[in-house]
Engineer: 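Right, I'll just put the structure down here and ask away after.
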Amino acid sequence: MDLLRRLAPQVLGALVRRYGDFARAEDAVQEALVAAVEAWPREGVPEHPAGWLHTVATRRYVDQVRAEAARARRERTVLDATPRDALVAPPPDAEPPRDDLLELFLLCCHPALPAPAQLALTLRAVGGLTTAEIAAAFLVPEKTMGQRISRAKQRLREAGARFALPPAAEQGPRLAVVRQVLYLMFNEGYSASSGPELLRADLTRQALRLTRRLRERLPDDGETAGLLALMLLTEARAAARVGPDGELVPLAEQDRGRWDRAAITEGCALVAHSLSTSPPGPYQVQAAIAAVHSEAPTTEATDWPQVLALYELLDRLAPNPVATLSRAVAVGMVHGPAAGLALLAEVDSGILAGHHRLHAVRAHLLELADDRAAAAAAWRQAASLAGSGPERRHLLRRAINCQ
């Protein structure tokens, strides 16, 4: 399955580049993947698996065109508009050499699509996940996810989206959307928004793999390097973040000996290089914050003034109420919990008013201030709003400990 997921975007990119129709090409590749799942365990993996998939997908594509054209009495028009050599599949050993990943990313993250559709289409077309896997990851019925993906492909067609790099002036904003989709994918995997599990390793693995590939295509892009560094430094703590019974273990209580030092070394090197070679961006700054935490032997030994300075820089680059919550913690560690609570008051009535993390940060600061009764009430309020089972249980335990 991992081999098929690696090869799927390569084959899809070759078909879309050849024929120009993303929706039909994506359907054809999915059919080829199903054929491989059925045939390869029985017959063995072919010598040239990408060529095998490309041949089967090309045949499926041509079959689609011919069947749809016949039903709509447009076969002659379609075939006349399609070069004859485009209807001939390449030999199985002719593996597509071109890397179409960036074009696929930009197509899946087209501005005509809403954010949920961008994420679903990226997971399907670039991540290689099946509709059932994507539906399971986001806790929706497979039929619902299938309809979402179908509508996304139809919307791309209606928008006249093309499989090509956009003009240079549009690439920056489009790449920002691509990075945001990868960031959302990773975050959902690292801290599930709902459900019984705290982590969804399939999503974090996919996000890391795709971000690595995007950086290979854009080696000089500082924000892509920063995003990869942020993921590595965050994922390095994953093993210590979950206790033996699946419970959440907060950063201050984690066994730092279980952190992945190889990932930390790679992430720190990435963020240091990106900050020295390009202007700082939000992902680079977040990665720098994660690096400070990763290099500290304990929570108390963390360089909190540096963390606070980085959050202040992040606030200037990309004001974000979620980042303000983390900045409030840093303010509390540097200037005392009363200062952190004062900062929280600035976002208390905004979009985070009903978010469990706002109440969790308030509870943490109240606990630092030794107001245990108020902290317990805030922990309970946070638990009542949390969608994740492990996170809710952790918050309730914190409330009990404050009583």
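Computed over heavy atoms, backbone and side chain alike; hydrogens, waters and symmetry mates excluded.
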Engineer: Determine, step by step, whether H356 and E391 satisfy the side-chain hydrogen bond (donor to acceptor under 3.5 Å, both in side chains) criterion, reporting the C-alpha distance in whole Å, the side-chain angles of both residues, the deciding distance to 0.1 Å, and the verdict.
Structural biologist: CA-CA 10 Å; H356 73 281; E391 195 164 8; 3.0 Å; yes
Engineer: Just verifying a value: how many Å separate I149 CD1 and L121 CG, rounded to the nearest 0.5 Å?
Structural biologist: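 These two atoms lie 7.0 Å from each other.
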Engineer: Which atoms form the tightest heavy-atom contact between G354 and L385, and what is the distance?
Structural biologist: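 Scanning both residues, the minimum pair turns out to be O-CD1, 3.5 Å.
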Engineer: Less than 6.0 angstrom from the centroid, inside 45 degrees of the normal: does R241 satisfy that with respect to the ring of Y190?
Structural biologist: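 Relative to the ring axis of Y190, which defines the angle, R241 lies inside both limits.
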Engineer: Which atom pair, heavy atoms only, marks the closest approach of V249 to A240?
Structural biologist: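 Looking at all heavy atoms of both residues, the shortest contact is CB-O, 3.5 Å.
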Engineer: Check L395 against A386 and note the closest heavy-atom contact, atom names and distance.
Structural biologist: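 Looking at all heavy atoms of both residues, the shortest contact is CD1-CB, 4.0 Å.
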Engineer: Output the distance between atom CG (L232) and atom CG (L208), rounded to the nearest 0.5 Å.
Structural biologist: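 Here the interatomic distance stands at 5.5 Å.
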Engineer: Ignoring hydrogens and angles, tell me if any N or O in the side chain of N401 forms a donor-acceptor pair with the backbone of R397 under 3.5 Å.
Structural biologist: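 Answer holds: yes.
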Engineer: Do the non-hydrogen side-chain atoms of W259 and I264 ever get within less than 4.5 Å of each other?
Structural biologist: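 In short, these two side chains touch, coming nearer than 4.5 Å.
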Engineer: Counting N and O atoms only, with roles assigned by atom type, does the side chain of D21 sit under 3.5 Å from a partner on the main chain of A23, one being a donor and the other an acceptor?
Structural biologist: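 Yes, because the side chain of D21 sits within donor-acceptor range (under 3.5 Å) of the backbone of A23.
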Engineer: With a 4.5 Å limit on heavy-atom distance, are the side chains of E253 and P250 in contact?
Structural biologist: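 A side-chain contact exists here, since the closest heavy-atom pair is under 4.5 Å.
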Engineer: Looking only at heavy atoms, which two atoms of L156 and L107 are closest? And how far apart?
Structural biologist: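 The pair with the smallest heavy-atom distance is CD2-O, 3.6 Å.
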Engineer: CG of D260 to CD of E235: how many Å apart, nearest 0.5 Å?
Structural biologist: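 Going from CG on D260 over to CD on E235, the span is 8.5 Å.
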Engineer: So R148 and P116, do their side chains get closer than 4.5 Å, heavy atoms only?
Structural biologist: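 Answer yes - side chains close enough.
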Engineer: So do the side chains of W40 and L3 get within less than 4.5 Å of each other, counting heavy atoms only?
Structural biologist: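 In short, these two side chains touch, coming nearer than 4.5 Å.
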Engineer: For residues L106 and V178, determine if any side-chain heavy atom of one lies less than 4.5 Å from a side-chain heavy atom of the other.
Structural biologist: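 Sidechains of V178 and L106: in contact.
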Engineer: Return yes if a side-chain donor-acceptor contact under 3.5 Å exists between Q286 and Y183, otherwise no.
Structural biologist: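 Indeed, the side chains of Q286 and Y183 share at least one donor-acceptor pair under 3.5 Å.
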Engineer: With distance as the sole criterion, is a donor-acceptor pair present between the side chains of E367 and W379 under 3.5 Å?
Structural biologist: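 Result is yes, a qualifying pair exists.
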Engineer: Taking the side chain as every heavy atom from C-beta outward, state whether P9 and V11 have any pair of such atoms under 4.5 Å apart.
Structural biologist: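 No; the side chains remain at least 4.5 Å from each other.
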Engineer: The test is side-chain hydrogen bond (donor to acceptor under 3.5 Å, both in side chains); show your working for Q206 and R209 and say whether it passes.
Structural biologist: CA-CA 5 Å; Q206 287 292 337; R209 182 176 68 83; 2.9 Å; yes
Engineer: A side-chain contact here means heavy atoms from C-beta on lying under 4.5 Å apart; do H394 and R398 qualify?
Structural biologist: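 H394 reaches R398 side chain to side chain.
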Engineer: Nearest heavy-atom pair of L4 and A36: which atoms, and what distance?
Structural biologist: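 Heavy atoms of L4 and A36 come nearest at CD2-CB, 3.9 Å.
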Engineer: After noting the C-alpha distance and the side-chain angles of E346 and R327, does the key distance pass the salt bridge (charged side-chain N to carboxylate O under 4.0 Å, His left out) rule?
Structural biologist: CA-CA 12 Å; E346 297 179 11; R327 182 158 63 96; 5.1 Å; no
Engineer: Does the pair C109 and R179 meet the rule for a side-chain contact (heavy atoms from CB on, under 4.5 Å), with working shown?
Structural biologist: CA-CA 10 Å; C109 298; R179 286 190 290 262; over 6 Å; no
Engineer: For the pair H48 (side chain) and A50 (backbone), establish whether a donor and an acceptor sit closer than 3.5 Å, ignoring hydrogens and angles.
Structural biologist: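 No, the answer is negative, given that no donor and acceptor are paired below the 3.5 Å cut-off.
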Engineer: Is it true that E26 and R124 have a side-chain N and a carboxylate O under 4.0 angstrom from each other?
Structural biologist: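 Yes.
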Engineer: Using 4.0 Å as the upper bound for N to carboxylate O, is an ion pair formed by R17 and E103?
Structural biologist: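 Here E103 does not pair with R17 in a salt bridge, since their nearest N and O are not under 4.0 Å apart.
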Engineer: Given side-chain hydrogen bond (donor to acceptor under 3.5 Å, both in side chains), test S278 with Q284 step by step and report yes or no.
Structural biologist: CA-CA 10 Å; S278 62; Q284 292 159 277; 3.2 Å; yes
Engineer: How about W304 and H293: are their ring centroids closer than 6.0 Å?
Structural biologist: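 Yes, ring centres under 6.0 Å apart.
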Engineer: Closest approach of A296 and T302, non-hydrogen atoms and distance?
Structural biologist: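 Looking at all heavy atoms of both residues, the shortest contact is CB-OG1, 3.5 Å.
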Engineer: With distance as the sole test, does S384 use its side chain to make a donor-acceptor pair with the main-chain N or O of Q381 at under 3.5 Å?
Structural biologist: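 Confirmed, S384 side chain pairs with Q381 backbone.
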Engineer: So does D27 pair up with K153, basic N to acidic O under 4.0 Å?
Structural biologist: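 Yes, charged N to carboxylate O under 4.0 Å.
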Engineer: With a 4.0 Å cut-off on N to O distance, would you call R151 and E158 a salt bridge?
Structural biologist: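 Answer for the salt bridge query: no.
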Engineer: Between R215 and D221, does any NZ, NE, NH1 or NH2 come within less than 4.0 Å of an OD or OE carboxylate oxygen?
Structural biologist: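 Salt bridge between D221 and R215, a charged N being under 4.0 Å from a carboxylate O: no.
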Engineer: Please tell me if the side chains of F105 and L175 come closer than 4.5 Å, counting only heavy atoms from C-beta onward.
Structural biologist: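 A side-chain contact is absent here, since even the closest heavy-atom pair is not under 4.5 Å.
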Engineer: Determine, stepwise, if the pair R256 / T299 fulfils side-chain hydrogen bond (donor to acceptor under 3.5 Å, both in side chains).
Structural biologist: CA-CA 10 Å; R256 300 189 178 211; T299 299; 3.2 Å; yes
